[in-house]
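Per chain, numbering begins at 1; letters A, B, ... match sequence-line order.
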Amino acid sequence: MANYTHLHDWNLTPSEAVALQQTLRYSIRIEQPVAPFRTIAGCDISFNKFEETVYAGIVVLRLDTLETIEESGVVSRATFPYIPGLLSFREIPALLEAWANLETDPDVVMFDGHGTAHPRRIGIASHGGLWLNKPAFGCGKSVLVGKFDQPAPEQGNWTPMRHYGDVVGAALRTKNKVTPVYVSPGHLIDLQTTIALTLQCDGGYRIPEPTRRAHLLVNNLRKAAKDPQT
DNA sequence: GCGACAG
DNA sequence: ATCTTGTCGC
């Protein structure tokens, strides 16, 4: 089953959260994975605006067939507000609850957000990877930091995203002539592998399957709780 | 000081 | 993120 070890407290002020990121960033390891990956997890959360209740979910799929092999959804609470650069403090606590309910132990995790493409190089994918002590990377729909040139319009093309002289991620075209997604390594993985895995998770949509299915899962959870029906 | 700013 | 219908383009 999937587990994780407690790294630190979550009830922090935004200021304390930034300070914690400055100490945690040095534990992050960006490197080429040794063992091949067989399964991948996608995670996401959903919520009603102005409400503290959040629906967190994780979907595990086989990398070779993209078949879903497990889903885990939980209803939790997020007390930390959304602040650009501190997303992990709002989303990870609930995601850990969903993770703990997993029967399988995914080989790598795809987060909805960034990894090193972050002002302090420790986005949700890096922070999450540290907690899970597992290879993790981020795939975001918009940019937080980093400058880049537009990649060629055909699927598979990508351009490096740079921030203060560092290549922090890549603008990757997952579909012909469609806005690219922004990927970056989180922990225990490198940019090349991050790009390859994202392309391997292609299901015909801009958003790769792990994240796309996790999004559908948590959205259905939220709707189910909203209506007195099924 | 001003503008930017993952989900 | 969420609130929402139709509509332009391949």
In sequence, state the C-alpha distance, the side-chain angles, and the governing distance for A:His127 and A:His114, and then conclude on ring pair (Phe, Tyr, Trp, His ring centres under 6.0 Å).
CA-CA 10 Å; A:His127 199 169; A:His114 302 102; over 10 Å; no
So A:Arg77 and A:Val54, side chain to side chain contact (heavy atoms under 4.5 Å, CB included) or not? Walk me through it.
CA-CA 5 Å; A:Arg77 280 198 183 263; A:Val54 295; 5.7 Å; no
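A straight line from CD of A:Gln21 to C1' of B:dC5 spans 14 Å, rounded to a whole angstrom. To the nearest angstrom, C1' of B:dG7 lies 11 Å from CG of A:Leu95. Distance CG (A:Asn220) to P (C:dT2): 12 Å, rounded to an integer number of Å. Rounded to an integer number of Å, the gap from A:His215 NE2 to C:dT2 P is 5 Å. Straight-line distance from the CG atom of A:Leu144 to the P atom of B:dC5: 9 Å, rounded to whole Å. Distance CG (A:Asn219) to P (C:dA1): 9 Å, rounded to an integer number of Å. The NZ atom of A:Lys49 sits 16 Å away from the P atom of B:dG7 (whole-angstrom rounding). Whole-Å rounding puts the A:Ile83 CD1 to B:dA6 C1' distance at 13 Å.
Contact annotation: A:Ser46 reaches the phosphate of C:dT2 (side-chain N/O to OP1 or OP2, under 4.0 Å). Taking side-chain N and O atoms only, A:Arg90 has no distance below 4.0 Å to OP1 or OP2 of C:dA1. Of the side-chain N and O atoms in A:Lys141, one or more sit less than 4.0 angstrom from OP1 or OP2 of C:dA1. A close approach under 4.0 Å does occur between a side-chain nitrogen or oxygen of A:Arg222 and OP1 or OP2 of C:dC3. At the phosphate of B:dG7, OP1 or OP2 sits under 4.0 Å from a side-chain N or O atom of A:Ser142.
With A:Pro185 as reference, A:Thr116 is the one residue of A:Ile195, A:Thr116, A:Thr193, A:Asp190 to meet the side-chain contact (heavy atoms from CB on, under 4.5 Å) rule.
As judged by a 4.0 angstrom heavy-atom cut-off over every strand, A:Gly138 is placed among residues making no nucleic acid contact. Within the 4.0 angstrom heavy-atom criterion, base atoms lie near A:Leu86. Using a 4.0 Å heavy-atom cutoff across all strands shown, A:Ile45 reaches no nucleic acid atom at all. A:Gly140 comes within 4.0 angstrom of sugar-phosphate atoms only, judged by non-hydrogen atoms across all strands, and of no base. Using a 4.0 Å heavy-atom criterion, one finds that A:Val143 contacts the sugar-phosphate atoms exclusively.
Considering only side-chain atoms of A:His114, the nucleotide from B:dA6, C:dA1, C:dC3 that sits closest is B:dA6.
Salt bridge present: A:Asp105 and A:Lys134 bring a charged side-chain N and a carboxylate O closer than 4.0 Å. Between A:Lys175 and A:Asp202 there is no salt bridge, since no side-chain N of the basic residue sits under 4.0 Å from a carboxylate O of the acidic one.
Put simply, A:Tyr82 rests on the base of B:dG7: the two rings are less than 5.5 Å apart at their centres and nearly parallel, under 30°.
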